[in-house]
Amino acid sequence: MLTVDFERLGLQRGERLLDLGAGGGRHAFQAMKLGAVTTALDYSAADLKDVLATTGGMLSLDEITYEQFGGAVNANALDLPFPDNSFDRIITSEVLEHIWDCERAITEIVRVLRPGGRLAATVPTYWPERVNWALNWRYHDVPGGHVRIFKQRELESMLERAGLYLRGSHHAHAYHSPYWWLKNVYGLDNPDALPVRKYHDFLVYCIEHHDGPLAQAEKFLNPLLGKSLVVYGEKVTPDMALYGKRSI
């Protein structure tokens with residue numbers, strides 16, 4: 001289940017991509033399948049072990065080549081272990097809401113993105129997230145939980161201040177918002193509650209039939225109910241800064 005639109009990210013075969021906060025690696029795996037030299041970075045060593053295991057399976061099945069795996073890096077988003085201008089594309093999906101000093105993290109992300117390169121940043125959409133916070137304080141007030149709720153313009157302003165031109169936005173995963181509302185109502189540690197379990201089955205069906213009519217209906221609902229906001233930005237080059245040009 002992908003949140004980022006790789007066409008809008010402009011990813012090309014052979015480009016260097018960083019999946020920052022890779023988690024289980026869903027975006028990293030897709031980037032490798034598309035031919036990018038992909039590095040997965042996460043603060044959680046346990047998540048990176050899962051990424052390595054899945055990557056090993058993909059290599060054994062010839063789904064990707066060794067050239068497409070740029071490595072798994074255990075590091076902090078506030079101090080990235082890469083030189084300036086290291087990557088052509090960067091994805092940071094559902095990460096910034098976990099970081100107190102998110103502006104510093106964005107500054108680091110932009111530092112390692114090459115001029116003219118593109119970033120896709122995703123965070124929970126403001127009003128569905130606000131409902132979650134209101135329904136159950138344990139949703140956010142736990143170690144590793146969400147520490148902020150972003151309004152779209154707030155995130156866009158942070159990206160612009162860090163040196164990015166905005167290149168559009170969209171919402172994703174409309175069906176997931178009611179699921180998390182149900183989980184907060186019935187208890188985050190109570191996955192066997194009947195409404196939660198039935199809705200989870202519905203989500204699995206939608207994922208397995210991602211080209212079906214329910215998936216098409218979700219696209220229409222995304223602007224209203226989408227749980228995730230995705231914002232795209234392009235790192236400013238000297239010419240762009242002086243003349244407002246868009247790189248190709």
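For L214, the side chain to side chain contact (heavy atoms under 4.5 Å, CB included) criterion is met by Y175, F202, Y205, C206, not counting sequence neighbours. Residues satisfying the side chain to side chain donor-acceptor pair (under 3.5 Å) test with N132, not counting sequence neighbours, are N184. Scanning for side chain to side chain donor-acceptor pair (under 3.5 Å) contacts around E94 gives T122, S228, with sequence neighbours left out. Partners of F29 by ring pair (Phe, Tyr, Trp, His ring centres under 6.0 Å), not counting sequence neighbours: none found. Applying the ring pair (Phe, Tyr, Trp, His ring centres under 6.0 Å) test to H140 and every residue at least two apart in sequence or in another chain returns W133.
The main-chain N or O of A105 is never found under 3.5 Å from a side-chain atom of T107 such that the two would form a donor-acceptor pair. Without hydrogens or angle criteria, N85 side chain to R114 main chain gives no donor-acceptor distance under 3.5 Å. The closest donor-acceptor contact from the side chain of D42 to the backbone of L48 lies at 3.5 Å or more, if one exists at all. Using modelled atom types, one side-chain atom of R104 and one backbone atom of L78 make a donor-acceptor pair closer than 3.5 Å.
The heavy-atom pair separating L113 from G117 by the smallest distance is CD2-O, 3.5 Å. Nearest heavy-atom pair, G70 versus T39, reported as atom, atom and distance to 0.1 Å: O-OG1, 3.4 Å. Nearest heavy atom pair, residue M58 against residue K33, reads CE-CE, 3.7 Å. Of all non-hydrogen atoms in S169 and R8, the two that sit nearest each other are N-NH2, 3.4 Å. Pairing each heavy atom of A120 with each of V4, the nearest pair is CB-CG1, 3.7 Å. Of all non-hydrogen atoms in P223 and F220, the two that sit nearest each other are CD-O, 3.4 Å.
We find the CD-CD distance between E103 and E108 to be 13.5 Å, quoted to the nearest 0.5 Å. Taking OG1 from T125 and CZ from R130, the interatomic distance works out to 13.5 Å, rounded to the nearest 0.5 Å. Rounding to the nearest 0.5 Å gives a distance of 8.0 Å between NE2 of H173 and CG of N222. Interatomic distance, E154 CD to C102 SG, rounded to the nearest 0.5 Å: 7.0 Å. To the nearest 0.5 angstrom, D101 atom CG is 11.0 Å from L96 atom CG. A distance of 4.5 Å separates CD of E67 from OG1 of T65, quoted to the nearest 0.5 Å.
In this structure, H170 and L229 have side chains that are not in contact, with every pair of non-hydrogen atoms separated by 4.5 Å or more. Put simply, the side chain of R197 reaches to within 4.5 Å of the side chain of L194, judged on heavy atoms. Annotation: side chain of P128 is not in contact with side chain of W180 (no heavy-atom distance under 4.5 Å). Two residues are said to be in side-chain contact when any heavy atoms from C-beta on lie closer than 4.5 Å; F150 and E129 fail this criterion. The shortest side-chain heavy-atom distance between L18 and S86 does not fall under the 4.5 Å cut-off. K235 has its side chain within reach of V110: a pair of non-hydrogen atoms, C-beta onward, lies under 4.5 Å apart. Looking at heavy atoms from C-beta onward, Q216 lies out of side-chain contact with D211 at the 4.5 angstrom threshold. Between H27 and F6, some side-chain heavy-atom pair lies under the 4.5 Å cut-off.
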Trace of the side chain to side chain contact (heavy atoms under 4.5 Å, CB included) decision for Y232 with D5 = CA-CA 10 Å; Y232 300 87; D5 183 333; 3.3 Å; yes
task = Take E63 and Q68 through the test side chain to side chain contact (heavy atoms under 4.5 Å, CB included) and record every step on the way to the result.
result = CA-CA 10 Å; E63 294 183 16; Q68 289 158 352; over 6 Å; no
task = Just do the side-chain hydrogen bond (donor to acceptor under 3.5 Å, both in side chains) check on N190 and K183 with the steps written out, would you?
result = CA-CA 8 Å; N190 186 21; K183 281 179 68 69; over 6 Å; no
request  = Go through R16 and R89 one step at a time and tell me if the side chain to side chain contact (heavy atoms under 4.5 Å, CB included) criterion holds.
outcome  = CA-CA 6 Å; R16 301 156 299 167; R89 312 288 176 210; over 6 Å; no
inquiry  = For T92 and I109: C-alpha separation, side-chain torsions, deciding distance, then whether side chain to side chain contact (heavy atoms under 4.5 Å, CB included) applies.
reply    = CA-CA 9 Å; T92 181; I109 291 167; 4.0 Å; yes
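The 12-atom threshold is not exceeded at CD of E7, counting heavy atoms of other residues, nucleotides or ligands nearer than 6.0 Å. Counting heavy-atom neighbours within 6.0 Å of Y186 OH, excluding the residue itself, gives a total of 12 or less.
Hydrophobic clustering of Ile, Leu, Val, Met, Phe, Trp and Tyr side chains at less than 4.5 Å, counting indirect connections, unites I99 with V231. I90 and L41 fall within the same hydrophobic cluster, defined by Ile, Leu, Val, Met, Phe, Trp and Tyr side-chain heavy atoms under 4.5 Å apart, directly or through other members. Residues L119 and V236 do not share a hydrophobic cluster, defined by chaining ILVMFWY side chains whose heavy atoms lie under 4.5 Å apart. Grouping the Ile, Leu, Val, Met, Phe, Trp and Tyr side chains by contacts below 4.5 angstrom, directly or via other members, places V131 with Y199. Linking Ile, Leu, Val, Met, Phe, Trp and Tyr whenever their side-chain heavy atoms come within less than 4.5 Å puts L52 and Y66 in one cluster.
Between I91 and the choices L9, V230, L20, the side chain to side chain contact (heavy atoms under 4.5 Å, CB included) rule is met once, by L9.
Side-chain contact check for T3 and R26: at least one donor-acceptor pair (N or O, by modelled atom type) lies under 3.5 Å.
Residue pairs that meet the ring-ring contact (aromatic ring centres under 6.0 Å, His included) test with at least one member in residues 73-111, sequence neighbours left out, are F82-F87, H98-H146.
Between E97 and R148 there is no salt bridge, since none of the side-chain N atoms of the basic residue sits less than 4.0 Å from a carboxylate O of the acidic one.
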